[in-house]
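Inspection log for the structure reproduced underneath, given as C-alpha cells.
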Amino acid sequence: MGGKVFITGTAGFIGYHLAKHLLDEGVEIVGYDGMTDYYDPQLKRRRHQNLLQNARFRAVEAMLEDRAAFDGAVDALAPDIIVHLAGQAGVRYSLDEPASYVQSNLVGGFHVLEAARRHGVTHLLMASTSSVYGANEAMPFRETDKADLPVSFYAATKKASEAMAHSYAHLWNIPTTMFRFFTVYGPWGRPDMALFKFVDAILTGRPIDVYNQGNLSRDFTYVGDLVHAIRLLIDAVPERPASVADIAKGDSLSPVAPWRVVNIGGGRPTKLMDFIAAVEAALGRPAQRNMLPMQPGDVVDTWADSTLLERLTGYVPQTGVEQGVAEFVAWYRDYYCC
Ligand SMILES: O=C(O)[C@H]1O[C@H](OP(=O)(O)OP(=O)(O)OC[C@H]2O[C@@H](n3ccc(=O)[nH]c3=O)[C@H](O)[C@@H]2O)[C@H](O)[C@@H](O)[C@H]1O
C-alpha cells in the first residue's frame with residue numbers, strides 16, 4: 001500500500017491493531033491519540049509503546065478537539081489517507097457524560113473532515129457503529145435500511161458524523177467510507193466492554209452483571225477479522241456515481257457523493273448467554289451471575305448483513321466466539337499475569 005497514512009485513535013483498541021497490521025506491511029504511519037482517562041491510560045500507553053518499537057510509526061498525543069494540535073500533526077504529514085478511529089466510545093457512558101461525545105465525536109470529527117478537505121486525501125475512512133441501527137427491528141441490519149431512531153446519545157453522535165462526512169464528500173469530493181462496527185472484541189480490548197469486565201470479575205471472584213436477564217444478542221466481531229476487513233476497504237475507494245442507475249442493489253453508495261457506509265460484523269449473532277458460556281469455557285471457571293434489567297441506551301439485538309463487505313472486498317469474517325474469546329483470555333492472562 002502506497003502513500004502517507006494518518007490514523008486517529010492508535011492508542012485505542014482498534015486503532016492499535018490496525019496500525020500494527022499496516023506497519024507490518026511496511027506502511028509509514030502517524031498516529032494521533034488523546035490518551036483520555038475514560039479507561040486505564042496505562043493500557044493506552046502500552047499500546048503506543050508497542051507501536052513505537054517500529055521506526056515507521058510516529059505518535060502525537062493530543063486531543064481531537066485541540067484544533068491547533070490536530071492541524072499541526074496532520075499538516076506536518078500531509079497525508080494521502082486518513083483513518084479516523086478516535087472518539088468517545090461506549091453506549092452506557094453516554095448517558096452520564098454526553099458532553100464528552102459532543103467534543104470528541106462532533107467537534108473532533110469536524111476537525112478530521114476539515115483536514116481531509118485541506119489535504120485532498122485520496123480516501124477518508126471513519127468509524128461509525130452498529131448502534132446507529134437503534135430501534136430497528138428488521139434483521140439482519142442492512143446499510144441501506146433507514147437508521148433514524150438512535151436510542152443512545154453515543155449512537156446519535158455517530159449518525160451525525162455519518163451525515164457530516166456525507167456533506168463533505170459531496171461538497172469537496174472526498175472519497176469517504178464509514179465503517180459500522182459491531183461489538184468488536186479481542187486481545188488488547190477495552191476495559192469498559194463486556195468481555196474484559198466478565199473476565200476480570202470471574203478471575204477475581206466477583207459476580208458478572210448480566211443485562212436484560214441475558215436476553216440480548218450481538219454480532220460480536222473479532223478484532224483480527226475487523227482489521228483484515230478495514231485493510232481491504234482502504235483499497236475499495238468509493239467513486240461518485242454518474243447516475244442513480246449506476247448504484248448496485250444493496251450498495252449504500254450515495255447518489256450525490258463518493259461516500260458509502262459498510263457494516264463490519266462477525267458473521268452471525270451470538271446470544272449473550274452463549275458468549276458468557278464461551279468465557280467460562282476459556283477460563284475453566286463458572287461465572288456467578290447478577291441478573292439485571294435492560295440498561296437504558298442498549299439495543300436488544302444486533303446482526304450485520306455482510307453482503308456489501310463481501311461484494312467490495314471478497315472477505316467474510318471467520319472467527320467464532322469460542323476461538324476469539326480464548327485469544328482474549330490468553331492475552332489477558334499474559335498481560336495481567338493471572
Ligand atoms: O457495536 C456497537 O455499536 C457498540 O459495541 C459496543 O457496545 P456493546 O454492544 O454494548 O458492547 P459490550 O459493552 O461489549 O456489551 C456486549 C453485550 O453485553 C452486555 N453487557 C455488557 C456489560 C456488562 O457488564 N454486562 C452485560 O450484560 C451488553 O448489554 C451487550 O448486550 C461498544 O462498547 C460501543 O462502543 C459500540 O461500538
Side-chain angles (χ1 to χ4, degrees), residues 4-20 22 29-52 57-79 81-119 121 124-129 131 152-165 168 174 176 178-179 181 184 188-193 230:
K4 294 176 284 182
V5 181
F6 188 88
I7 305 179
T8 70
T10 41
F13 171 40
I14 295 170
Y16 166 66
H17 281 283
L18 178 68
K20 206 161 181 312
L22 295 180
I29 294 169
V30 171
Y32 190 94
D33 203 294
M35 315 297 285
T36 68
D37 61 1
Y38 168 62
Y39 63 77
D40 181 15
Q42 178 61 21
L43 183 58
K44 300 181 182 184
R45 281 195 287 275
R46 282 284 299 276
R47 294 188 189 118
H48 254 187
Q49 280 163 12
N50 284 356
L51 295 176
L52 286 163
F57 182 75
R58 209 153 54 74
V60 179
E61 296 183 358
M63 299 293 280
L64 283 176
E65 51 270 39
D66 180 342
R67 180 85 190 246
F70 185 74
D71 286 358
V74 185
D75 295 352
L77 180 70
I81 294 169
I82 296 178
V83 188
H84 176 44
L85 301 171
Q88 181 59 61
V91 175
R92 290 162 294 275
Y93 184 68
S94 69
L95 277 75
D96 302 325
E97 295 291 341
S100 167
Y101 295 73
V102 172
Q103 288 308 313
S104 297
N105 300 353
L106 300 182
V107 178
F110 165 66
H111 293 166
V112 172
L113 295 175
E114 278 287 289
R117 168 192 176 186
R118 213 167 44 249
H119 291 284
V121 297
L124 169 65
L125 303 103
M126 293 180 47
S128 183
T129 168
S131 299
S152 67
F153 190 63
Y154 164 66
T157 61
K158 286 295 188 178
K159 189 73 207 304
S161 308
E162 293 182 4
M164 286 157 56
Y168 266 57
I174 304 167
T176 304
M178 306 287 317
F179 313 120
F181 297 148
V184 184
W188 295 93
R190 275 167 40 202
D192 63 314
M193 289 183 70
I230 292 176

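Heavy-atom basis, side chains included; hydrogens, waters and symmetry copies ignored.
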Return the [atom1] to [atom2] distance between [X] and [Y], rounded to the nearest 0.5 Å.
X    : Y    : atom1 : atom2 : value
I82  : L77  : CD1   : CG    : 9.0 Å
H119 : I81  : NE2   : CD1   : 14.0 Å
S100 : F153 : OG    : CZ    : 10.0 Å
Y93  : Y39  : OH    : OH    : 13.0 Å
Y32  : M63  : OH    : CE    : 8.5 Å
K159 : N105 : NZ    : CG    : 15.0 Å

Do [X] and [Y] come close enough that some side-chain heavy atom pair is under 4.5 Å?
X    : Y    : value
I7   : L22  : yes
V112 : L124 : yes
K44  : Y16  : no
F181 : I14  : yes
V121 : F6   : no
V184 : R190 : no

Apply side-chain hydrogen bond (donor to acceptor under 3.5 Å, both in side chains) to [X] and list each qualifying residue two or more places apart in sequence or on a separate chain.
X    : answer
H111 : none
E162 : S128, R180
H17  : none
D40  : none

Legend entry - Y101 side chain to A89 backbone, donor-acceptor under 3.5 Å: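 The answer is yes, because a donor-acceptor pair under 3.5 Å joins these two groups.
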
Inset, instruction - Kindly say whether I174 contributes a backbone atom to a donor-acceptor pair with the side chain of T176 at under 3.5 angstrom? - result: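 Yes; judged by distance alone, with no hydrogens or angles, the pair exists.
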
Inset, instruction - Check the pair V107, R67 against side-chain contact (heavy atoms from CB on, under 4.5 Å), reporting the backbone distance first and the verdict last. - result: CA-CA 9 Å; V107 178; R67 180 85 190 246; over 6 Å; no

Legend entry - Lys/Arg-Asp/Glu bridge criterion (N-O < 4.0 Å) met for R118, D71: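 Salt bridge between R118 and D71, a charged N being under 4.0 Å from a carboxylate O: yes.
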
Legend entry - Distance flag, aromatic centroids of F70 and F110, threshold under 6.0 Å: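 Ring centroids of F110 and F70 are no less than 6.0 Å from each other.
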
Between [X] and [Y], which heavy-atom pair has the shortest distance, and what is it?
X    : Y    : value
D33  : A11  : OD2-N, 2.9 Å
M126 : A165 : SD-CB, 4.2 Å
G189 : L43  : O-CD2, 3.8 Å
L106 : A160 : CD2-CB, 3.8 Å
A127 : L85  : CB-CD2, 3.9 Å
A86  : G9   : CB-N, 3.5 Å

Legend entry - Pairing residues for R92 by the salt bridge (charged side-chain N to carboxylate O under 4.0 Å, His left out) criterion, not counting sequence neighbours: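 Applying salt bridge (charged side-chain N to carboxylate O under 4.0 Å, His left out) to R92 gives D298.
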
Legend entry - Within 6.0 Å of CG in D37, more than 12 heavy atoms from elsewhere: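 No, CG of D37 has 12 or fewer neighbouring heavy atoms, counting only those of other groups under 6.0 Å.
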
Legend entry - Check against side-chain contact (heavy atoms from CB on, under 4.5 Å), F179 and I230: CA-CA 8 Å; F179 313 120; I230 292 176; 3.7 Å; yes

Legend entry - Chi angles and distances behind the side-chain contact (heavy atoms from CB on, under 4.5 Å) call for H84, L64: CA-CA 10 Å; H84 176 44; L64 283 176; 3.6 Å; yes

Legend entry - F13 and R47: CA distance, side-chain angles, deciding distance, side-chain contact (heavy atoms from CB on, under 4.5 Å) verdict: CA-CA 8 Å; F13 171 40; R47 294 188 189 118; 3.9 Å; yes

Inset, instruction - Please confirm whether K20 makes a cation-pi placement over F57, using NZ or CZ under 6.0 Å from the six-membered ring centre and within 45° of the ring normal. - result: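 Not satisfied by the 6.0 Å and 45° rule.
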
Legend entry - Sole residue of Q42, H48, Q49 in side chain to side chain donor-acceptor pair (under 3.5 Å) with R45: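 Going through the options one by one, the only one that passes is Q42.
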
Inset, instruction - List for me each residue that meets side-chain contact (heavy atoms from CB on, under 4.5 Å) alongside A155, sequence neighbours excluded, and say none if there are none. - result: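 Counting only residues at least two positions away or on another chain, A155 forms a side-chain contact (heavy atoms from CB on, under 4.5 Å) with S131, P150, S152.
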
